[in-house]
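Following: one structure in structure tokens, then a few remarks.
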Amino acid sequence: MKPKIIIPMLLFLAVIVLITVAPSFFGRKDKPGDKKRINNITSSEKISYPDFNTNTGNISVEPKQLQFLKENGFIVGNKEYNQIFEPYVKPEGPVFITSDTIINAYNVINEEYMHQLENSQAKRLPVLLKKIYIRINSQKPPIRTDTITEKQANEKLRFVIGTALMLLDEKIPETDKKLLHKIKTESVKIHKAEGIDKPELFQTDKGFSGINYGIFKPTGFYTKTHSLTSYYQALKWLQTVPFRPGYNDEITALLILGGASSESGLRNEVGEFISGLNPFIPIRDNPDLSEIIKIAGNPENRSSDLKTFRESIIKNPNYIAKINDSLRTNDQPEKQTINFRIFSAYRLPENEIFSQTTKDGRNPTGLETAIFLGSTEAENLLNKYDPQNAKSIMEIISQNKNTPSQENLYNNYLNSLAILFKSPDTQAPDFMKGRLWQIKNLQTVLSGWSLMRHSLTLQVKMNTIAYCRQSKPIGFIEPVPEFYAAFAKLTEKTEKCISENKIMQTTDTKEEQKSMLLDYANLLRKQHHNKLSPYEETKLGIYEFKLEIFTNKHCKSKKPLPKAAELEKIASDIMSKTKYYNRISGDFPDDKTDFRQSLTELKKICLKLEELSKKQLQGLEFTNEENDFIKNYGETLAGTMFYKGNSYLEPIDDAPRITVFAFNPTEKSYKLAGTSKPKSIYVLYPWKGKSILCKGAVMSYCEFTSPAPLNDEEWREKIRNSKKGRFAPAWAKEIEP
């Protein structure tokens with residue numbers, strides 16, 4: 001090579017070396033705007049890397065979060081997803097599979113099961129109530145009462161059951177105009193679902209403080225169809241109106257109701273309806289229709305007078321509700337807590353805690369549930385954020401077992417969540433042994449808790465006050481094998497309960513199809529006026545895809561979209577013309593969800609995660625097959641969450657859920673808990689002497705007070721219009737600075 005060429009090249013290389021080493025050699029400090037280096041990571045506005053030692057992948061972390069990540073080994077990021085499986089579908093680098101993904105998937109399946117179960121129950125309820133209503137007029141109480149008391153009891157029964165029938169859009173048989181007017185007035189108040197008031201027949205009752213009508217606002221899947229909305233309000237009404245043994249007309253009404261329902265065939269129908277949720281949450285908090293039938297059919301009661309009969313009921317400790325959902329003052333007699341309901345809401349173990357910790361009028365928090373499940377970090381946070389009440393609350397909780405012991409699916413679910421509060425495996429990474437990871441687990445558990453309560457919103461009481469040898473890993477699993485094993489057993493038990501449940505019926509899809517068409521039509525009208533939200537745009541696209549063949553066949557205006565009016569006409573004809581419905585029903589897309597198959601698949605996932613997390617803790621590399629499992633995790637998980645085909649590529653924005661778990665009548669406010677959009681989590685996983693940066697997703701827990709209850713769509717709209725993180729409790733923000 002010629003000297004003329006060599007000399008410039010040497011000078012050029014010298015300049016490069018000086019630029020590279022001079023800052024560190026001379027101790028030069030970085031100036032604002034300069035690129036910073038943290039553990040071999042170059043950071044400008046955003047940085048991209050898969051780990052702290054190599055330079056492959058494309059995971060992005062905000063620069064302001066880098067130091068926190070470096071110090072604590074993980075951080076919950078600002079990136080939000082429509083569904084929790086998204087970051088695993090097209091990963092930017094190594095993934096971190098979280099326990100949150102399993103909890104989220106289980107609740108999606110469980111909610112769909114509850115949806116179908118309640119569809120079936122919604123068809124049973126009006127048939128059952130009509131039969132009881134017709135028998136009331138001809139039924140005499142089995143004990144001695146006077147004519148006036150009997151008449152008042154009969155009227156109160158017909159008012160309560162008649163209101164439920166009207167809410168269900170059923171014709172009320174043999175009802176006088178005066179009573180019918182009261183029933184209509186009451187139905188309007190329930191439909192409005194706001195404020196505190198007394199029912200029409202209780203207006204002059206000084207011993208009755210009233211009803212919080214906000215509880216009649218449907219949420220969750222109960223808003224999907226008119227029949228489910230009607231069923232929600234009717235059943236909630238029957239769960240709410242008390243029949244108190246201290247009142248002659250009401251105790252007589254119980255006996256009339258029991259007699260009217262005790263005919264063998266009807267008694268079996270009542271038993272089947274009430275037992276629908278027994279495998280999930282078997283404890284009903286109030287004596288209900290099943291108990292009323294037993295009392296009325298007891299031969300000993302036939303020779304009793306009203307006073308003797310009342311005393312026998314009041315003395316029975318099993319009739320005292322442990323959870324107060326009534327509006328009453330502290331000076332009212334204790335016997336007023338004993339009341340019967342036609343159908344009783346179910347008692348959850350954490351609600352028993354709330355009933356004791358809220359006696360002074362304070363609002364409960366999710367931290368109390370976490371302490372009950374054994375979280376020591378929740379105790380620390382309660383001391384930090386509520387020092388005034390912390391001691392008394394923890395004393396109350398300590399008097400109860402820290403985990404639910406009775407065998408049922410709800411308790412099994414809580415116990416499975418509680419595993420995350422146990423000390424991590426000794427071979428687990430150090431970041432999992434610190435308090436911040438316990439806060440992450442706290443957020444995970446309470447998110448899972450709120451999702452399960454969301455599924456059971458109508459039925460429960462609300463308190464009133466695989467790896468090949470290569471330079472970079474595909475990903476890691478949150479190493480909690482005991483948790484995955486517990487959820488595998490839980491899914492198996494759930495599938496078994498579903499298989500054995502005789503309540504489920506073949507669902508008549510008329511109303512579901514009508515609801516789909518009307519919703520489609522409504523979105524088309526909104527689109528015409530440019531009023532679609534991002535969520536609604538996605539939903540419209542799904543309808544266009546699902547109903548393309550149907551609309552091409554049955555709508556004249558096929559391009560580019562059918563007219564809203566045409567869809568509304570078809571929806572009307574579906575309901576009114578049986579022959580028309582039979583002719584076109586086969587052309588609808590098959591939207592049936594097989595939740596039993598989803599549970600089976602989720603069980604397989606849990607068992608695989610248990611196996612791989614044990615292997616990971618031992619420092620063993622994954623096989624090619626195991627590596628493929630991690631690579632395809634997003635798609636596999638989406639399949640269990642009812643995303644068919646490749647629909648997981650455009651997931652719908654409907655993950656946030658909200659539920660009410662307490663009402664404060666003094667403040668006239670509701671305590672709500674729920675989830676926001678799933679968020680990214682970045683983890684520095686220690687592996688083979690390196691800290692590998694990987695990414696996954698976690699659920700976001702929210703808890704706040706509100707002047708009114710919210711349904712899911714109102715909650716999602718509130719999130720869209722609010723600053724990120726506004727509804728998260730203060731302690732949750734410690735892991736997402």
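Each residue takes its place number in the sequence, starting with 1.
- Within the 4.5 Å cutoff, the side chain of Cys497 has heavy atoms near those of the Leu409 side chain.
- When the shell of 6.0 Å around NZ of Lys688 is examined, it contains more than 12 heavy atoms from other residues, nucleotides or ligands.
- Between Glu495 and Lys603, none of the side-chain N atoms (NZ, or NE/NH1/NH2) sits under 4.0 Å from a carboxylate O, so this pair counts as no salt bridge.
- No hydrogens or angles considered: nothing links the side chains of Thr494 and Tyr413 as a donor-acceptor pair under 3.5 Å.
- Closest approach of Phe661 and Arg453 over heavy atoms only: CB-NH2, 3.7 Å.
- Distance alone, capped at 3.5 Å, is enough to place a donor-acceptor pair between the Ser598 side chain and the Thr640 backbone.
- For the salt bridge (Lys or Arg N to Asp or Glu O under 4.0 Å) criterion with Glu713, the lone passing option out of Lys718, Arg720, Lys224 is Arg720.
- Side chain of Lys679 to backbone of Ala697: no donor-acceptor contact under 3.5 angstrom is found.
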Would Arg362 and Glu368 count as a salt bridge (Lys or Arg N to Asp or Glu O under 4.0 Å) if you check the C-alpha gap in whole Å, the side-chain angles of each, and the deciding distance to 0.1 Å?
CA-CA 13 Å; Arg362 64 175 289 278; Glu368 292 161 50; 2.9 Å; yes
Walk me through it: do Asp654 and Gln83 pass the test side-chain hydrogen bond (donor to acceptor under 3.5 Å, both in side chains)?
CA-CA 8 Å; Asp654 66 349; Gln83 297 294 336; 2.7 Å; yes
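- Tested against Phe74, the residues Trp437, Tyr682, Tyr685 include a single ring-ring contact (aromatic ring centres under 6.0 Å, His included) partner, Trp437.
- In summary, Lys615 and Glu621 do not engage in a salt bridge, as defined by a charged side-chain N under 4.0 Å from a carboxylate O.
- Scanning both residues, Tyr410 and Pro349, for their nearest heavy atoms gives CE2-CD, 3.9 Å.
- Without hydrogens or angle criteria, Glu714 side chain to Asn711 main chain gives a donor-acceptor distance under 3.5 Å.
- Side-chain N/O atoms of Gln399 and Glu395 include no donor and acceptor closer than 3.5 Å.
- Aromatic ring centres of Tyr643 and Tyr648: separated by at least 6.0 Å.
- Between Phe85 and Leu637 the shortest heavy-atom distance is CB-CD2, 3.9 Å.
- Separation of atoms CG (Leu417) and CD1 (Ile103) is listed at 5.0 Å; rounding is to 0.5 Å.
- Looking at Gln438 and Thr376, their side chains never come closer than 4.5 Å, going by heavy atoms from C-beta outward.
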Which is it for Lys614 and Glu610 under the salt bridge (Lys or Arg N to Asp or Glu O under 4.0 Å) test, yes or no, and what are the steps along the way?
CA-CA 6 Å; Lys614 286 179 178 178; Glu610 179 195 9; 3.4 Å; yes
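- Proximity of a side-chain donor or acceptor of Glu111 to a complementary backbone N or O of Val108 within less than 3.5 Å is not detected.
- Residues His454 and Asn107 bring no donor and acceptor atom of their side chains to less than 3.5 Å of each other.
- Listed here is the closest heavy atom pair of Tyr346 and Ile274: OH-O, 3.0 Å.
- When the shell of 6.0 Å around NZ of Lys496 is examined, it contains 12 or fewer heavy atoms from other residues, nucleotides or ligands.
- In the displayed structure, Glu492 atom CD is contacted under 6.0 Å by at most 12 heavy atoms of other residues, nucleotides or ligands.
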If you apply the rule side-chain hydrogen bond (donor to acceptor under 3.5 Å, both in side chains), what do you find for Arg596 with Ser499, and how did you get there?
CA-CA 8 Å; Arg596 289 176 59 184; Ser499 300; 3.0 Å; yes
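- Environment of CD in Glu650: sparse, with no more than 12 heavy atoms of neighbouring residues, nucleotides or ligands closer than 6.0 Å.
- No more than 12 heavy atoms of other residues, nucleotides or ligands shown are found within 6.0 angstrom of NZ on Lys391.
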Would Thr444 and Asp100 count as a side-chain hydrogen bond (donor to acceptor under 3.5 Å, both in side chains) here? Give the steps.
CA-CA 6 Å; Thr444 298; Asp100 302 58; 2.9 Å; yes
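- Under the salt bridge (Lys or Arg N to Asp or Glu O under 4.0 Å) test applied with Lys440, the options Glu736, Glu734, Glu478 reduce to a single match, Glu478.
- Looking only at atom types and distance, the side chain of Ser344 has no donor-acceptor partner in the side chain of Asp285 under 3.5 Å away.
- For Ile102 against Ile605, the heavy-atom pair with the smallest separation is CD1-CG2, 3.8 Å.
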When you look at Lys493 and Glu407, which way does the salt bridge (Lys or Arg N to Asp or Glu O under 4.0 Å) test go after all the steps?
CA-CA 11 Å; Lys493 288 179 180 178; Glu407 182 67 21; 3.1 Å; yes
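- Results of the ring-ring contact (aromatic ring centres under 6.0 Å, His included) test with Phe476 over Trp687, Phe96, Phe431 single out Trp687 as the only residue that passes.
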Go through Gln459 and Glu118 one step at a time and tell me if the side-chain hydrogen bond (donor to acceptor under 3.5 Å, both in side chains) criterion holds.
CA-CA 10 Å; Gln459 300 293 352; Glu118 292 290 66; 2.9 Å; yes
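- Between Leu599 and Thr491, the closest heavy-atom pair is O-CB, 3.9 Å.
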